[in-house]
Q: 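Before we start, here is the structure in question, set down as structure tokens.
Remember, predicted model here, so these are calculated numbers, not experimental data. Residue numbering restarts at 1 for every chain, and letters A, B, ... go by the order of the sequence lines.
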Number of protein chains: 2
Amino acid sequence: MPRPTPASPAGRAGAGRPRNGRPRSAAADAAILAATREALVELGWSRLTLGDVALRAGVAKTTLYRRWPGKNELVVDAVAELFDELELPDRGSLAADIEGVVLRFAAILARPEARSGLMAVVAESTLDDSLRERIRTSIVERQKRLVREGKSRAQRRGELPPDPDPEAADRSFDLIFDVVAGSVVHRSLVSAAPVDATWARDFTALLLAGLGSAPAR
Amino acid sequence: MPRPTPASPAGRAGAGRPRNGRPRSAAADAAILAATREALVELGWSRLTLGDVALRAGVAKTTLYRRWPGKNELVVDAVAELFDELELPDRGSLAADIEGVVLRFAAILARPEARSGLMAVVAESTLDDSLRERIRTSIVERQKRLVREGKSRAQRRGELPPDPDPEAADRSFDLIFDVVAGSVVHRSLVSAAPVDATWARDFTALLLAGLGSAPAR
DNA sequence: CCGGTTTCGCTACGCCTCGTAGCGTAACCA
DNA sequence: TGGTTACGCTACGAGGCGTAGCGAAACCGG
């Protein structure tokens with residue numbers, strides 16, 4: 001009996017692998033994902049074809065279909081790897097931490113393979129629940145972890161008050177995450193304007209002090 | 001000599017139309033855009049085909065290609081019409097105005113034809129400058145006008161200080177726009193969580209007072 | 001009323017991509 | 001060595017893309 005479903009192939013979900021038979025080439029996985037990003041840069045989402053990706057990666061097209069159900073899932077995994085480098089170094093203050101993570105996040109979004117791939121899979125996920133779940137675990141949850149860490153770090157420093165109850169803490173946390181990630185994505189992809197040091201400083205000032213205080217630095 | 005380019009067809013850019021010959025059917029335009037939205041709901045972006053749209057609209061496929069260069073531009077125009085209803089009623093205070101526009105904006109994004117279409121064309125625009133410009137003039141600029149109006153309204157009320165110089169005013173304005181629009185879009189499409197009254201209130205409180213004040217209401 | 005002009009519906013076409021099936025071979029394990 | 005799985009390759013039907021060509025319809029100026 002072969003594997004019931006093509007299943008999730010990439011290393012991220014390496015669950016029960018049978019001990020018999022020829023193992024899947026890990027090099028092929030890496031080559032396919034790299035080829036996918038390369039094709040995203042040159043062709044964008046709509047003109048990207050799986051046959052072209054297979055050709056670039058030096059594997060057969062059938063190998064590609066054995067590991068990923070389709071174009072959507074492949075691109076999610078290819079883009080997700082870009083976010084592996086996202087970290088949150090401790091810069092001493094909440095303001096500095098926010099500026100730092102904003103600039104790092106924006107640096108990833110500035111790469112064309114992320115620009116053209118990310119929004120496309122989000123669009124597809126509106127009619128595909130399993131794809132949305134894949135995006136959530138592979139990309140979104142990873143970013144969220146950073147915001148959670150930065151918040152509790154600021155609370156240890158005394159820059160933010162402790163949360164009164166866990167329910168309110170969760171809601172406040174989700175809100176902050178959407179504001180930070182959404183603002184950077186919108187600035188970068190929709191407004192198509194650069195997220196540079198000036199913008200990061202202005203954004204941090206707004207997030208910390210709000211509109212009521214002096215909006216201009 | 002026929003028209004040099006297929007040109008921008010929809011009513012939005014109705015420039016120099018020749019006075020001779022059979023006029024283009026305005027009813028066909030409306031039917032095509034409505035059919036596009038209907039197909040977006042049922043099929044989403046990737047499975048939407050122009051042949052299917054033509055069939056739904058009751059026009060020939062060639063008619064469709066005579067008016068729009070391709071799928072991208074057609075969907076931009078179809079989605080843009082959804083934002084026509086976006087307004088900013090005066091609710092007496094800056095906080096109430098923000099909550100109102102957030103909820104109205106979210107109501108549009110909750111419609112499946114907007115969800116699946118908007119992100120897709122934004123993704124495509126990363127490699128197509130003319131498409132990005134089309135999105136900017138048809139969709140983004142329209143939203144921006146509302147934020148500009150709300151800001152000056154709040155300044156007349158004395159809720160916000162006047163801007164020191166025009167350059168800082170522009171930068172502050174662009175920032176606010178990206179934060180508001182980006183946060184709502186991210187919450188709605190990426191986090192896939194509802195933008196309800198509670199979220200709108202929490203977001204407004206954060207935007208006005210910042211993280212420094214009490215984050216929980 | 002009529003000739004010029006443009007749009008429209010329809011059919012047909014070559015090109016490409018999709019996703020799968022089938023086969024022989026290669027790699028790994030007990 | 002035999003069993004099992006992955007791989008490369010070829011081939012295929014299905015379907016969308018975007019265009020060309022045709023005759024008919026609609027509108028305008030003379």
Side-chain angles (χ1 to χ4, degrees), chain A residues 1-11 14-32 35-36 39-40 42-75 120 124, chain B residues 1-11 14-32 35-36 39-40 42-75 120 124:
Chain A
M1 169 171 32
R3 190 174 296 184
T5 47
S8 50
R17 171 184 146 218
R19 278 198 297 268
N20 275 5
R22 175 177 176 175
R24 285 191 172 173
S25 162
D29 265 344
I32 290 172
T36 303
L40 273 178
E42 296 179 17
L43 304 173
W45 164 265
S46 60
R47 285 180 298 181
L48 180 145
T49 69
L50 294 194
D52 182 73
V53 170
L55 199 64
R56 290 172 189 262
V59 302
K61 196 174 62 165
T62 44
T63 296
L64 228 153
Y65 278 102
R66 287 191 192 101
R67 306 190 180 200
W68 283 274
K71 186 166 149 179
N72 292 333
E73 292 80 5
L74 172 62
V75 171
E124 290 301 307
Chain B
M1 169 172 35
R3 189 175 296 183
T5 47
S8 50
R17 172 187 145 215
R19 278 197 298 267
N20 275 5
R22 175 176 177 174
R24 286 189 172 173
S25 162
D29 265 344
I32 290 171
T36 302
L40 273 178
E42 296 180 17
L43 305 173
W45 164 264
S46 60
R47 284 181 298 181
L48 180 145
T49 69
L50 294 194
D52 182 74
V53 170
L55 199 65
R56 290 172 190 263
V59 301
K61 195 173 62 164
T62 45
T63 298
L64 228 153
Y65 277 102
R66 287 190 192 101
R67 306 189 180 198
W68 283 274
K71 188 167 150 178
N72 292 334
E73 293 79 4
L74 173 62
V75 171
E124 290 300 307

Q: My understanding is that only residues two or more places apart in sequence, or in another chain, count here; which of them pass side chain to side chain donor-acceptor pair (under 3.5 Å) with B/Asn72?
A: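 For B/Asn72, no residue satisfies side chain to side chain donor-acceptor pair (under 3.5 Å) once neighbours in sequence are set aside.
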Q: Within residues 45-57 of chain A, which residues have any heavy atom lying less than 4.0 Å from an atom of DNA chain D?
A: none
Q: In this structure, how many angstroms lie between the C1' atom of C/dC10 and the CG atom of B/Leu64, rounded?
A: 15 Å
Q: First locate atom CH2 of B/Trp68, then atom CD1 of B/Ile32, and finally report the distance between them rounded to the nearest 0.5 Å.
A: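 Between B/Trp68 CH2 and B/Ile32 CD1, I get 4.5 Å after rounding to 0.5 Å.
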Q: Closest to the B/Pro23 side chain: D/dC17, D/dC27, D/dG8?
A: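 Closest of the options to the side chain of B/Pro23: D/dC27.
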Q: Can you check whether A/Asp29 reaches A/Arg24 side chain to side chain, under 4.5 Å on heavy atoms?
A: no
Q: Just how far is it from atom NZ of B/Lys71 to atom OG1 of B/Thr36, taken to the nearest 0.5 Å?
A: 11.0 Å
Q: Whole-Å distance between C/dT5 P and B/Arg24 CZ?
A: 18 Å
Q: Mind calculating the distance between CZ (B/Arg66) and C1' (D/dA26) to the nearest angstrom?
A: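 Checked: the CZ to C1' distance equals 14 Å.
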Q: Categorize A/Thr62 for me: base, sugar-phosphate, or nothing, with a 4.0 angstrom heavy-atom threshold over every strand shown.
A: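 Result for A/Thr62 = base.
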Q: Nearest heavy-atom pair of A/Leu50 and A/Gly70: which atoms, and what distance?
A: CD1-C, 4.4 Å
Q: Report yes or no: is there a donor-acceptor pair, N or O only, under 3.5 Å between the side chain of B/Lys61 and the base of D/dG18?
A: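 Answer yes: a donor N or O sits under 3.5 Å from an acceptor.
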Q: Please give, in whole Å, the distance from D/dC17 P to B/Leu74 CG?
A: 11 Å
Q: Out of D/dG18, C/dG9, D/dC28, which nucleotide sits closest to the side chain of B/Tyr65?
A: D/dG18
Q: Measure the OG1-NZ distance between B/Thr49 and B/Lys61 for me, rounded to the nearest 0.5 Å.
A: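 Output value for this atom pair is 8.5 Å.
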Q: So, under a plain 3.5 Å distance rule, would you say the side chain of A/Arg22 forms a donor-acceptor pair with the base of D/dT5?
A: no
